[in-house]
Structures are given as structure tokens and as C-alpha cells.
Protein chains: 2
Amino acid sequence: MFFSIGDLAARTGVKVPTIRYYESRGLLSAPLRSSGNQRRYGHAELERLGFIRHARDLGFSLEAISALIELQDHPDRACTSATRIAQGQLDAVREKIRRLRALESELARIAEGCTGDGAARDCYVLASLADHDLCVQDHARDTSPSTQLT
Amino acid sequence: MFFSIGDLAARTGVKVPTIRYYESRGLLSAPLRSSGNQRRYGHAELERLGFIRHARDLGFSLEAISALIELQDHPDRACTSATRIAQGQLDAVREKIRRLRALESELARIAEGCTGDGAARDCYVLASLADHDLCVQDHARDTSPSTQLT
DNA sequence: GTAATCTCTCTAGTGACTAGAGCTTCAAGA
DNA sequence: TCTTGAAGCTCTAGTCACTAGAGAGATTAC
């Protein structure tokens, strides 16, 4: 019925130090302790950690996950903010894909422009990086507040 | 002929503290100093910083950029490693796109499953996050050494 | 009882910056 | 020449989401 932190880690696929980190960040509440001061978890914690893991897999920030958990703990509240958070995450992912596609085509062009068997002075990769004008597309940097997608 | 760090920042679009940071990381060599100990740059530094900025825009890590610069400084060497680095970056970008697309479809499904006007207890967003089995696709986390693409 | 494995807390490191404190230098106008 | 305000200097610490390691104590299987 009660698991150690190692058991919880094994069941959820979240590493032990990460579980302690989540606790320190307030995503998991402080669990019961054994007489020897070791953490003991039950099913509620197992589910909550599963929730967190799943949300992390989908790229949500810990801050966003905190907000979602807060909502989960108050089932009578309106779920407007949950939908807003999910939609925001979706928008961020789509934007990231858009940018990455531009990078991909530019990188492909650059990488394929060099066979790799010449001298550095003639390398198209190095020349392309030195001269932005050789670029076909616009591949500006992401300046938005990064929604971390590892 | 000689610019201050602020001029260099304005010309390249790289922020002043970032330029100092690049110097501390060895990507830019220590420049000349004015009698009052302020940095003074010439055209060589302008070009190098442009190179770095362009490579960063394309998602290369500072470590990779260091290697590319090293190669640039030895034009007689073979450019094999430059091509390898560029190809590696391209592979990383493609992998990232692949993963993000899986996330996108999953997130779209989740976000669209909830109108946002109900109570949290009935929220499909929260339910989906709590139960991975509601997911259609596999959207595992990125465990690879992250090639940072902001 | 003992040995092996877990678990504890704490600190520090990652990458690529960014922010701020407290000071000095520079450039332009009076 | 003097003044003033912007720009520059170094240094430290903070960001995010962990990860690694030290050195100690707890638990468990035999």
C-alpha cells in the first residue's frame, strides 16, 4: 500500500532526484515519512506524479503544471484556464515546428552544399555560416518566452 | 575603424552582455582595450560575431560553433568535421520536428476536446493528462542530449 | 548480525544567457 | 575646461528543469 521513493520512481518512470525536486517545487506535497525519515507514498501520489509526467512529456512547463494541478484540486471551478494553457502549449508547439522547418531547409541546403572532402577554405558550410546572404529563407531566432520543449 | 562593444552589438544584433559572455567562453578572443580599459573591436571581430550569430540562429550549440571557428582558423585542414557538425544539426532538427508533430496532434486532440465552459471535474484536458491511455499516439519524451534549439 | 542497497540532505553544475550592483570612462555641449 | 549623462567595466547571482556527487543514516534479505 505504501511505496518508497524508489518504488514510486520505478512505477512512474520519473527519477528519484526528480521526484524530490518536484516536491521542493511544490508540485508534489510533502509525503508521510517512515520512522527513519524516509518518504512513503500512496496511490494519490502515484496518480499525481503520473499526471505531472504526462504533462511534462507533452512539453508543459512546471509552472503550467502547477496551475493545472491547482485546478484539479478544485473540481468545481471552471476549467477555462486549463483549456487556455493547453491551447497556449499547442500554439507554442506549432510555432516551434514552423521555425524548425525553416531551419531544416536551410541546414539541408548548407549541409548538402559540401561533400566534406575539401579544405576548410573552400567549405560551403563555413562560407554559408559566415555570410547570411547565402541563405535562401528567413530563419530568425526565437525571441518568444521559451516554452521548454527540451 | 574601431568600435566599442555597444557599436558591435548594434551592428550584429547581439546584445552587449552576450558579447562579453562569448568572450568569456572563448568564442571571441580578448580584444584590444582603450586606455581606459574599454573593449575596442575591428572588422575581424565583426565578421566572427556575425558568424557566431548566424550559427546560433541555425541552432548550433556554442560547443559546435567553437569547433567550426577552430576550423575557420585553419583553412588548410579538411572540412570533414564541419560537414559532420552541420549534418548532425540537421538530424537533430529533423528528429525534433518529428517529435513535435506527435505532440502537436496529441495536444490538438486534447485542447479541442474541451470547450472550456464546464467545471474542472469534467474537463477533458485534465482527464487526458491524468490518463495516458486516452492518448492516441506515442509521444515519449526526448531523452537525447539536447541540441538546444531554444 | 551483517552486507548490500536505498534513502536522506545539501551543494554545485548544466547551457546560454540575463539582470543588477557599484564603480569608472567617454563624448558632447556649455 | 567643466559637467553631465550615457555607456562601459567586473562580479555575482538568477533563469529552467533537472542531474551528479558527497557523506551520512535507514532498510531489507539472508
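Numbers restart at 1 for each chain; the letters A, B, ... are given by sequence-line order, proteins then strands. Given the structure is predicted, the values throughout are model-derived calculations rather than measurements.
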Distance in Å, A:Phe51 CZ paired with A:Thr12 OG1, rounded so as to fall on 0.5 Å steps: 14.5 Å
Looking at B:Glu95 and B:Arg98, does any basic side-chain N land under 4.0 Å from a carboxylate oxygen? yes
Most 5' of A:Pro17 and A:Ser34 on DNA chain D, judged by nearest nucleotide: A:Pro17
Output the rounded distance in Å from CZ (A:Phe3) to C1' (D:dT28). 18 Å
For side chain to side chain donor-acceptor pair (under 3.5 Å), just list the numbers for A:Arg48 and A:Tyr41, CA-CA rounded to whole Å, side-chain angles, deciding distance to a tenth of an Å, and then say yes or no. CA-CA 11 Å; A:Arg48 166 143 302 178; A:Tyr41 297 95; over 6 Å; no
Closest approach of A:Ala120 to B:Leu71 (non-hydrogen atoms, all atoms of both residues): CB-O, 3.7 Å
For B:Gln38 and B:Arg33, what are the C-alpha separation, side-chain angles and deciding distance, and is it a side chain to side chain contact (heavy atoms under 4.5 Å, CB included)? CA-CA 5 Å; B:Gln38 299 195 352; B:Arg33 297 281 182 143; over 6 Å; no
Worked check of side chain to side chain contact (heavy atoms under 4.5 Å, CB included) between B:Leu107 and A:Phe60: CA-CA 10 Å; B:Leu107 275 169; A:Phe60 289 89; 3.7 Å; yes
B:Lys15 side chain near C:dC17 phosphate (N/O to OP1/OP2, under 4.0 Å): no
Measuring to OP1 and OP2 of C:dA16, would you say a side-chain N or O of B:Tyr22 lies under 4.0 angstrom away? no
I need a per-nucleotide contact map over nucleotides 7-12 of chain D, read 5' to 3'. Cutoff is protein heavy atoms under 4.0 Å; write B for the base, S for backbone only, - otherwise. -SSB--
Mind running a 4.0 Å heavy-atom check of residues 65-73 of chain A against DNA chain C and sending the residues that fall below it, in number order? none
Separation of B:Glu63 atom CD from C:dA16 atom P, in whole Å? 8 Å
Whole-Å distance between D:dC18 C1' and A:Ile19 CD1? 13 Å
Rounded distance (Å) that lies between atom P of C:dG15 and atom CZ of B:Arg56: 12 Å
B:Ile52 vs B:Arg56, side chain to side chain contact (heavy atoms under 4.5 Å, CB included): CA-CA, chis, key distance, verdict: CA-CA 6 Å; B:Ile52 295 171; B:Arg56 284 295 296 137; 4.3 Å; yes
D:dT15 P sits how many Å from B:Tyr21 OH, rounded? 17 Å
Any side-chain N or O of B:Thr18 less than 4.0 Å from the OP1 or OP2 oxygen of C:dT18? yes
A:Lys96 vs B:Lys96 side-chain heavy atoms within contact, under 4.5 Å: no
Taking atom types as modelled, is there a side-chain donor on A:Arg109 or A:Tyr124 under 3.5 Å from an acceptor on the other? yes
Whole-Å distance separating the CZ atom of A:Arg53 from the P atom of D:dC18: 10 Å
Atom pair distance, as rounded to whole Å: CD1 in B:Ile52 and C1' in C:dC17: 14 Å
